[in-house]
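Encoded as structure tokens, the structure appears first; notes follow it.
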Amino acid sequence: MSVIDGFRTRAEGLRLLQDRRLPVLVTAGLFVLMFGFGAFRYQSYGFLDAQVFMNLFIDNGYLLVAAVGATFVILTGGIDLSVGSVIGFTTMLTAWLVEKQGLPLLLVAPIALGVGAFGGYLMGYVIHHFEIEPFIVTLAGLFFFRGLCLVISKESISITDPTVDRLAQTHVPLPGGSFLSIAAVISLAVLALAFYVLHYTRFGRRVYAIGGNEQSALLMGLPVAGTKIAVYTVSGFCSALSGLLFTLYIQSGDPLHAVGLELDAIAAVVVGGTLLTGGSGYVIGTLFGVLVLGLIKTLIQFEGTLSSWWTKIATGVLLFAFILIQRTMTGRRRT
Amino acid sequence: AKKNPAKSTGPDSSGSKQITLGFSQVGSESGWRAANTQSVKEAAKAAGINLKFSDAQQKQENQISAIRSYIAQKVDVISFSPVVVTGWDTVLKEAKAAGIPVILTDRSVETSDPSLYVTLVGSDFEIEGERAAHMLEKVLAGHKGPVKIAQLEGTTGAAPAIERAKGFGKIMHASHPEWTIIASQTGDFTRAGGKQVMAAFLQAHSDIDVLFSHNDDMAIGAIQSIQAAGKTPGTDIKIVSVDGVHDGFVAMSKGQINAIVECNPLLGPQLMDAVKTVHAGKGSTLPRWIKTKEGDYTADQAAAALPSRKY
Amino acid sequence: MSLTSLWRAATQHRLFWPVAALVALLVINVPFTPGFFEIHLKNGHLYGSLVSIVLFGSPLILVAIGMTLVIATGGIDLSVGAVVAISGALACLVVSKQADQDSVAGVLLAFALALAVALVCGAWNGLLVARLGIQPIIATLILMVAGRGIAQLITSGQIITVNSDAYSLIGGGYWLALPFSLFVVALVVVLSMALTRRTALGLLVEAVGGNAEASRLVGIRSRRIKIMAYMFCGLCAGIAGLMISSNVSAADGNNAGLWIELDAILAVVIGGTSLTGGRFHLGGTIIGALIIQTLTTTIYTIGVPTQTNLVFKAVVVIVVCLMQSSVFRAKVFGARAKRRGPAQKSPGAAADAAPQMEVSS
Amino acid sequence: MAEPRPVLEMTGIVKEFSGTRALSDVDFRLFPGEIHALLGENGAGKSTLIKVLTGVHPLDGGTVVLEGRPVRITSPLQAQQAGISTVYQEVNLCQNLSVAENILIGREPVAAGRIRWKELRRRAAQLVTRFGLDLDVSAPLGSHPLAVQQLVAIIRAVGSGNPAAADEGDAAAGTRVLILDEPTSSLDRDEVEELFALMRRLRQDGVAILFVSHFLDQIYEVCDRMTVLRNGALVGEHLVADLDQVNLVKLMIGKDLDELEELSEHHTEPDTSEPFLKAEGLSRAGGIAPFDLEVRAGEVLGLAGLLGSGRTELARLLFGADTSDGGKVYIGGDQAALREPNDAIGRGVAFLSENRRTEGLVPDLTVRENIILALQAARGWTRPVPASQRDELVAKYIAALDIRPADPEAKTGSLSGGNQQKVLLARWLLTQPKLLILDEPTRGIDVGAKAEIQKLVVSLSEEGVAVVYISAELEEVLRLSHTMGVLRDRRLVARMANGPDVTAGRVLEIIASGEHQ
Ligand SMILES: Nc1ncnc2c1ncn2[C@@H]1O[C@H](COP(=O)(O)OP(=O)(O)OP(=O)(O)O)[C@@H](O)[C@H]1O
Ligand SMILES: Nc1ncnc2c1ncn2[C@@H]1O[C@H](COP(=O)(O)OP(=O)(O)OP(=O)(O)O)[C@@H](O)[C@H]1O
Ligand SMILES: [Mg+2]
Ligand SMILES: [Mg+2]
């Protein structure tokens with residue numbers, strides 16, 4: 001009887017523009033385009049070698065894990081600046097425990113993950129219970145963990161542990177002769193898990209609800225406190241895991257590892273179509289965000305003639321071009 | 001046949017077997033580094049080597065992926081200035097497996113397998129620190145009694161900062177019980193950093209005799225603070241620093257810096273010679289460490305040396 | 001009675017906790033540097049720790065003031081560090097190319113050019129955010145990355161040294177025995193206060209940051225306001241860039257203003273402006289910036305080992321923020337104060353407290 | 001009447017907001033199987049009482065006893081667990097989630113920790129249909145009009161309780177207390193009826209319902225008992241049957257109110273010159289079909305239609321809040337390109353949006369700043385309204401609209417819903433518009449103030465201001481307008497002069513048939 005039937009007549013085109021999946025699709029499409037451009041321009045350099053594509057995952061696996069963690073936080077409308085520092089700290093802690101204290105990696109890995117998650121938990125606790133802005137709390141986290149790196153040792157620690165060696169150098173063969181590293185495989189698993197959690201568990205939906213409107217989520221009787229703290233814990237955990245993958249990638253701990261990586265992670269999330277105001281976006285988008293950033297680097301490397309500053313300018317210009325196209329294709333949503 | 005597919009860019013239209021060198025630079029964090037980059041580029045051009053250059057923006061992961069991409073591009077020789085000393089085994093093994101020789105520049109790496117790189121073209125930060133201590137001995141010649149030293153460190157955690165402090169400390173502890181470092185802070189290798197830190201040092205310590213700065217830029221910044229505090233740099237406070245950039249020599253020629261330990265960025269020609277030798281298959285004839293040509297200067301030599309400073 | 005109510009009124013004031021933090025930080029220095037508060041006349045200008053805090057803190061204050069307005073509109077500007085580098089590099093390049101580096105006209109020309117470019121940078125950010133609707137963090141990240149490249153392009157990656165007394169005045173010189181930068185900062189502060197509070201700009205900015213859609217429907221040209229805020233922020237960063245380069249008489253495209261955006265944002269938040277936009281407090285921002293500069297100076301003077309610098313900074317930042325958080329105070333001290341409250345109730349205070357007491361049993 | 005044990009008993013409730021007292025010593029009780037009205041003027045403390053009860057605000061004094069046991073509820077979650085379901089005054093849902101999720105979030109059907117999406121949508125659709133609504137439950141909530149959102153909030157609250165029971169169609173199992181804070185403020189007659197039917201069903205099942213509304217007719221229609229608050233204090237508790245409307249109003253406002261009637265049926269002729277605003281074929285894809293419209297100076301144009309019929313959409317086009325896809329607008333005789341609200345405001349148009357929270361208030365700013373905002377925006381940033389003139393204007397409108405607290409320095413976000421609405425009204429009156437578009441201006445406004453606002457509309461029109469008046473209350477529209485426009489399915493289906501022959505029945509007929517001859 002009542003009257004909402006008119007709503008069905010809405011133009012399909014408009015509906016597509018409103019669809020929240022659109023930014024992700026556009027990002028993915030643009031990524032493919034960009035990759036095609038690289039393949040065309042650098043075909044004689046072996047750009048089309050399947051391994052070049054796989055290297056995107058191998059070289060950015062740790063970033064993917066960190067960005068997945070950041071996605072959780074950003075979906076709630078928060079932000080985590082401590083990512084890079086926690087990664088650096090994890091490499092340092094792992095290297096120190098393995099090399100200087102002689103602990104087995106099997107024991108060190110859970111310790112490192114625990115410390116990262118606990119750090120995230122603490123930040124989440126302060127953010128929620130004392131109502132301090134996430135930007136500031138995690139900025140303090142950034143300082144703190146970077147400081148701890150240096151407190152452990154000012155010098156970098158090389159890891160010679162055979163387990164680490166073996167893990168780092170294992171190739172997971174793929175059909176067609178290319179391969180992935182263990183870290184890349186783990187990062188894809190983390191992505192899949194995150195997707196599952198965000199879309200098929202109550203916790204995941206609470207994350208979206210809080211991002212949509214925290215006050216509403218509270219009034220709807222959702223456990224906002226627990227969810228918010230959990231999100232920072234997840235991010236801390238992912239950062240630590242990312243740090244472990246980074247340790248595998250680089251086989252050393254260094255107090256200056258991953259400086260500024262949080263901005264890469266945030267950029268990847270946003271490029272993947274997630275809104276920093278929270279509540280809107282997909283973790284799959286984050287994958288494409290990471291791949292796009294990785295591709296920009298790869299393109300610049302293949303170009304191979306850019307001076308240091310032109311590298312920066314080119315990075316900025318490519319990022320701008322990408323976002324501009326993405327923006328015009330997704331249109332402006334009505335508020 | 002796939003040995004040298006890089007044909008679309010670069011001056012290799014001659015078709016002869018031109019060497020392709022993949023070079024991964026640390027970044028562009030300082031004037032010293034810019035001079036280093038320029039030297040490599042110019043030398044490559046002069047030597048007719050096709051240079052693939054990439055800038056790692058101070059990130060090891062970027063360097064690793066750059067080296068990987070050089071492997072994928074099947075360059076003839078790979079060279080890089082490592083951001084940090086550790087963590088290179090995996091990627092160097094990949095290079096070795098691909099049959100591409102590696103030459104390090106600027107600083108060494110820690111590795112389990114010495115065959116992973118052919119040679120190192122560069123200097124040694126720790127020895128620079130030791131040289132700085134010896135220069136200070138000269139500067140202080142005739143001085144009696146305790147010496148209070150303030151140290152301006154480089155970026156905390158960066159290899160040059162750590163090693164220069166270590167080398168300096170080694171000599172100090174071994175032969176100069178009368179020297180004490182009363183204040184030491186990081187000035188991040190920048191003039192602004194050096195100036196700010198020195199200003200704070202001068203507030204907190206009225207009795208600094210010597211400033212040891214890990215690079216010239218910080219020393220130049222510190223000089224301004226010393227002047228603002230009403231003291232005369234080079235006289236009231238002796239200054240020893242490392243690098244030997246042009247502005248450092250200018251300051252030294254004014255007597256504001258007492259001694260400079262040179263750390264020469266112009267290692268391009270030496271690198272290209274090594275690349276050619278390695279490419280010719282004669283890598284085993286090269287020494288493990290090709291030291292760059294550098295000297296130590298005191299204020300009285302500054303004016304004479306100044307015109308020849310290129311960077 | 002009046003004393004307690006005075007105290008209460010003071011603690012209620014928005015700036016109380018920031019100022020308290022600043023004073024505490026300054027006082028911490030005294031045991032380490034007994035002459036910390038002394039100011040002498042040296043070579044015809046004032047000299048002392050407080051003077052150098054102001055001198056070295058000036059660029060941060062400027063950047064933070066610009067940042068305040070941007071944050072108030074609900075945005076953020078990560079590119080200020082790059083703009084600092086560009087403006088310094090450009091100005092030094094222009095001055096260094098001149099035959100007579102001391103020529104005032106030449107230096108002014110350099111200033112004008114650099115500030116014009118800084119304004120353009122701000123406008124660029126503003127366009128991306130307000131016209132194209134790109135999220136501020138990402139929009140300004142573009143210039144943060146590329147801008148540093150541009151600065152290095154200008155300097156060819158080298159440090160450009162200038163030998164110009166005129167140039168070194170703005171960031172390193174003295175006037176009337178005071179650091180000249182103090183006058184510049186004062187001028188910018190007065191101007192921005194006038195601009196925001198004497199006109200309606202402040203109100204409109206706060207409306208845009210507080211509820212963008214409502215502001216649009218009320219007829220505020222919010223795009224224009226946002227672009228103006230970013231331009232102002234660019235301008236402030238530009239002036240800061242001149243100051244930083246003038247302070248050391250050299251432009252360093254690589255390192256000038258590196259990470260200053262984080263310190264500036266920190267200063268803004270410590271000063272009581274929320275990152276979600278809306279209400280802003282320029283006075284608080286200035287205090288915030290001074291807190292950060294004092295913290296830096298303190299680290300240098302009290303002999304914190306370099307490797308613990310950052311841990312120290314983190315701890316101070318978090319303590320300052322916790323003390324500022326009324327929720328934290330209520331939870332931690334409030335509980336204690338309540339428990340203790342009735343016991344030490346003085347007759348004077350009782351009259352004040354009585355009506356509340358009876359119900360909270 | 002033998003009274004059973006109350007399910008909820010609140011005694012001596014005290015709540016203070018930084019020094020000012022919103023509730024002082026309020027007692028309140030609620031029996032199972034009753035619908036209990038909570039009444040009072042704007043700012044009387046109704047919402048605050050509800051928020052205190054459900055743990056949104058901490059209690060400053062007093063006790064709460066739920067089913068004989070003293071409880072301390074400190075969060076809405078706890079309240080829900082204790083069997084209290086609440087619809088708060090402002091729609092508190094997540095616009096970014098789908099309708100289905102908004103209804104069921106927190107109690108999604110899961111199997112081994114995995115959300116069963118199909119089942120979730122099925123259940124939500126079932127609940128929605130049972131309320132007589134037909135919507136796509138997988139569309140994001142934000143794409144639905146405010147009224148639908150309000151319905152969804154109600155469905156959520158009513159549909160809570162244990163999920164298994166909801167499965168079997170027993171929606172409110174587990175809910176012992178249902179709180180509805182002005183749920184009908186933007187609903188149409190039909191939806192209100194639907195809601196009342198549901199409330200009666202629940203009452204039969206023994207649920208205690210707390211109902212807040214400023215529509216006294218509705219109170220008398222469904223409620224059994226009422227509690228009246230004034231200025232945060234309890235005035236009295238009565239059976240609805242014992243107290244007639246006149247006395248109720250007297251209780252609420254503390255004095256008589258009789259102007260309501262004399263207002264009825266005023267139809268003075270507006271001037272017949274050129275229309276102030278004329279729309280020709282104006283349209284927006286997916287929003288509203290092309291329509292022609294005219295408003296003259298001094299004319300009140302009422303828009304009638306059902307929920308989602310496109311009244312808001314139409315108003316937004318006239319104001320330039322949305323851009324049109326086709327057609328022309330003439331204002332004051334000249335064609336006007338309305339790309340931004342700004343363009344319309346510059347030509348003397350003002351628009352009071354129906355959604356005060358997202359489209360109206362800047363909650364962090366003070367009352368003074370919110371009131372002055374539109375005027376200031378029109379003057380531009382370079383010409384601030386002089387302080388003395390500003391304070392005078394603000395004081396004048398605070399008094400005229402009786403905004404409480406009458407403190408220009410108060411943060412607008414902390415005002416009661418009705419007072420916020422008055423602030424927004426003041427904001428536009430201040431600009432002295434030539435055309436005032438009012439979309440649900442009396443939403444959430446108490447009886448006394450509603451009469452004031454209606455009088456205001458009349459006197460504005462007498463002064464020559466053109467008014468477009470939208471309200472969910474058809475009687476209100478009929479009473480005030482010279483001309484009526486009727487919408488159906490996003491189409492303007494009829495325009496006619498108001499007169500004695502135009503009755504509610506006739507309008508409803510047009511709406512139902514979609515035709516007008
Ligand atoms: N968060 C708050 N901070 C300060 N004051 C508040 C706050 N919330 C409510 N108040 C004040 O409490 C009083 C009661 O408000 P409340 O919202 O309960 O009124 P109400 O009876 O629901 O009115 P309405 O019919 O307009 O919704 C008002 O004077 C209001 O200004
Ligand atoms: N199917 C739909 N998809 C997305 N949005 C819709 C749909 N149907 C309606 N809307 C939204 O609903 C609104 C149309 O209803 P509008 O608010 O104009 O009706 P109304 O007559 O004012 O009803 P109300 O009584 O709810 O105010 C528009 O804002 C439109 O965006
Ligand atoms: Mg209310
Ligand atoms: Mg409407």
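Residue numbering restarts at 1 for every chain, and letters A, B, ... go by the order of the sequence lines.
Residue Tyr121(A) qualifies as open at atom OH: its count of foreign heavy atoms under 6.0 Å is 12 or below. With a 6.0 Å radius and a threshold of 12 heavy atoms from other residues, nucleotides or ligands, Arg279(C) has its CZ atom above the threshold.
With a 4.5 angstrom heavy-atom cutoff, Leu141(C) touches chain A only via side-chain atoms. Interface residue Ser274(C): backbone and side-chain heavy atoms are both found under 4.5 Å from chain A. Ile76(C) touches chain A through its side chain: at least one heavy atom from C-beta onward sits under 4.5 Å away, while N, CA, C and O do not. For chain C, no part of Ser82(A) is nearby; none of its heavy atoms comes within less than 4.5 Å.
The OG1 atom of Thr315(A) sits 14.0 Å away from atom CZ of Arg148(C), with the distance rounded to the nearest 0.5 Å. One finds the CD1 atom of Ile136(A) at 9.0 Å from the CD1 atom of Ile318(C) (value rounded to the nearest 0.5 Å). Of the inter-residue distances, the one linking Lys313(C) atom NZ with Leu139(A) atom CG reads 8.0 Å to the nearest 0.5 angstrom. Taken from OG in Ser325(C) to CD1 in Ile132(A), the straight-line distance is 5.0 Å, to the nearest 0.5 Å. Interatomic distance, Ile137(C) CD1 to Ile266(A) CD1, rounded to the nearest 0.5 Å: 5.5 Å. Between Ser156(C) atom OG and Trp309(A) atom CH2 the span is 6.0 Å, to the nearest 0.5 Å.
Using modelled atom types, one side-chain atom of Arg327(A) and one backbone atom of Leu132(C) make a donor-acceptor pair closer than 3.5 Å. For Gln135(C) (side chain) and Val270(A) (main-chain N/O), no donor-acceptor pair under 3.5 Å exists by modelled atom type.
Of the residues considered (Gly316(A), Gly141(A), Gly77(A)), Gly316(A) shows the highest number of contacts with chain C, using heavy-atom pairs under 4.5 Å. Of the residues considered (Phe320(A), Phe144(A), Trp310(A)), Phe320(A) shows the highest number of contacts with chain C, using heavy-atom pairs under 4.5 Å. When each of Leu78(C), Ile150(C), Asn254(C), Thr308(C) is scored by its heavy-atom pairs under 4.5 Å with chain A, the top score falls to Ile150(C).
Side-chain contact between Phe143(A) and Leu266(C) is present, with heavy atoms from C-beta onward closer than 4.5 Å. Within the 4.5 Å cutoff, side-chain heavy atoms of Phe135(A) are placed close to those of Ile265(C). Residues Leu153(C) and Lys312(A) fail the side-chain proximity criterion, which asks for heavy atoms closer than 4.5 Å. In this structure, Trp259(C) and Val259(A) have side chains that are in contact, with non-hydrogen atoms separated by less than 4.5 Å.
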Taking distance alone, no hydrogens or angles, what donor-acceptor pairs closer than 3.5 Å link side-chain atoms of residues 120-130 of chain C to residues at least two apart or in another chain?
{"residue": "Asn125(C)", "atom": "ND2", "partner": "Ser79(C)", "partner atom": "OG", "Å": "2.9"}

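Leu310(C) and Gly147(A) get closest at one heavy-atom pair: CB-CA, 3.6 Å. Contact record, Val317(C) with Ala140(A): CG1-CB, 4.2 Å, taken as the closest heavy-atom pair.
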Mind running side-chain contact (heavy atoms from CB on, under 4.5 Å) on Leu319(A) and Val145(C) for me, showing each step along the way?
CA-CA 10 Å; Leu319(A) 193 62; Val145(C) 176; 5.6 Å; no
Would Met144(C) and Leu263(A) satisfy side-chain contact (heavy atoms from CB on, under 4.5 Å), going step by step from the backbone distance to the final call?
CA-CA 11 Å; Met144(C) 176 185 182; Leu263(A) 285 177; 3.5 Å; yes
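For residues 119-144 of chain A, there are no salt bridge (charged side-chain N to carboxylate O under 4.0 Å, His left out) pairs, not counting sequence neighbours.
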